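Structure, as C-alpha cells:
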Amino acid sequence: LNKEGYNNIDGADASAKFIAHCEGTGWYRDLGCFYFGANVFPDKFKNKFDCVTASGVLMPNHFPPAALDDIHVCLKVGGYMVTAMRSYLYIDGDSHGYKDKLNELVREGKFKIVSKGDFTRGSKGGIELFAEQPSIFVVMQKLV
C-alpha cells in the first residue's frame, strides 16, 4: 500500500514483537498493541479510520467475533471494513460465530454489506492450514 501512495497507514496487532518489527519498516504512521475483542480498545483509534482490513485473522482461536465490534468502533461513519475468511467459517450457526456476528451488526443497523463473494485462497503444497481452499470476502460500510 505504501508503494502505491497510501502513506497514512496505521496498524494494530496483539504481538508486541510484530509491532516492534513494523515500527522499523517506516510504513506505518501509528501502531497499537492490543487484543481486538477484549474490551480494551484504545481511545486513539476510535472513529479514526476510513477503511479497516482484516484478512487471515478470522479463524478459530485467533480473532474472536467480538473483535468485529472493535472494528466498528474504530471506523468513521461511512468507512469500510474489508475482510476475508475460509468459507467453512462463514456458515449460519457455526460455532465460531463470524457470520452470525456480521449479520447481527447488519440487523442492528451498524453496517450494510456492500459486496460479498467467493474466491480460492492458499497455495498448493505446504501445510494444510495454508492449502488452497474456498474462501469468502465481505466488504461492509459503517452506517452509524
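These numbers were taken from a predicted model, which means no experiment stands behind them.
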For [X] against [Y], the heavy-atom pair lying closest together:
X      : Y     : value
Pro64  : Gly37 : CG-CA, 4.3 Å
Leu31  : Phe45 : C-CZ, 4.1 Å
Ile19  : Gly32 : CD1-O, 3.3 Å
Phe63  : Leu58 : CD2-CD2, 3.2 Å
Ser15  : Cys33 : C-SG, 3.9 Å
Asn103 : Asp92 : ND2-OD1, 3.7 Å

Using side chain to side chain contact (heavy atoms under 4.5 Å, CB included), reason through Cys74 and Val52 one step at a time and then give a plain yes or no. CA-CA 8 Å; Cys74 72; Val52 171; 3.6 Å; yes
First locate atom [atom1] of [X], then atom [atom2] of [Y], and finally report the distance between them rounded to the nearest 0.5 Å.
X      : Y      : atom1 : atom2 : value
Gln133 : Thr120 : CD    : OG1   : 9.5 Å
His21  : Asp13  : NE2   : CG    : 11.0 Å
Ile91  : Ile136 : CD1   : CD1   : 10.0 Å
Arg121 : Arg86  : CZ    : CZ    : 5.5 Å
Lys101 : Tyr98  : NZ    : OH    : 12.5 Å
Leu143 : Glu108 : CG    : CD    : 12.0 Å

Give the cluster check for [X] versus [Y]: same hydrophobic cluster or not, with ILVMFWY residues linked at side-chain heavy-atom distances below 4.5 Å.
X      : Y      : value
Tyr90  : Val114 : no
Tyr88  : Val57  : yes
Val73  : Leu102 : yes
Phe111 : Val144 : no
Phe18  : Tyr35  : no

For the pair Val139 and Ile113, evaluate side chain to side chain contact (heavy atoms under 4.5 Å, CB included) and give the outcome as yes or no after the intermediate values. CA-CA 6 Å; Val139 179; Ile113 296 175; over 6 Å; no
State, with a plain yes or no, whether a side-chain heavy atom of Asp50 is found less than 4.5 Å away from one of Leu75.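 Result no, sub-4.5 Å side-chain heavy-atom pair not found.
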Side-chain donor or acceptor of Lys142 paired with backbone N/O of Lys76 under 3.5 Å: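 Not confirmed, Lys142 side chain does not pair with Lys76 backbone.
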Check step by step if side chain to side chain contact (heavy atoms under 4.5 Å, CB included) holds for Asp118 and Phe137. CA-CA 6 Å; Asp118 299 311; Phe137 71 86; over 6 Å; no
Please tabulate, for the side chains in residues 78-85, all donor-acceptor contacts under 3.5 angstrom to protein atoms that are two or more places apart in sequence or on a different chain.
from  : atom 1 : to     : atom 2 : distance (Å)
Tyr80 : OH     : Gln141 : NE2    : 3.3
Thr83 : OG1    : Ala54  : O      : 2.5

Lys99/Asp94 salt bridge by N-O under 4.0 Å criterion: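 The answer is no: the pair does not qualify as a salt bridge.
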Any salt bridge linking Lys48 with Asp30? Criterion: basic side-chain nitrogen under 4.0 Å from a carboxylate oxygen.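 Judged by the 4.0 Å cut-off on N to carboxylate O distance, Lys48 and Asp30 do form a salt bridge.
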For Lys124, does the NZ atom have more than 12 heavy-atom neighbours from other residues, nucleotides or ligands under 6.0 Å away?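 Open.
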Look at atom CZ of Phe119 and say whether more than 12 heavy atoms of other residues, nucleotides or ligands are closer to it than 6.0 Å.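 More than 12 heavy atoms, drawn from other residues, nucleotides or ligands, come within 6.0 Å of this atom.
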For the residue pair Phe34 and Phe36, does the interplanar ring angle fall in the parallel (under 30°), tilted (30 to 60°) or perpendicular (over 60°) class?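 Judged by the thresholds at 30° and 60°, the geometry between Phe34 and Phe36 is tilted.
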Tyr28 and Asp10: CA distance, side-chain angles, deciding distance, side chain to side chain contact (heavy atoms under 4.5 Å, CB included) verdict: CA-CA 5 Å; Tyr28 297 91; Asp10 295 337; 5.8 Å; no
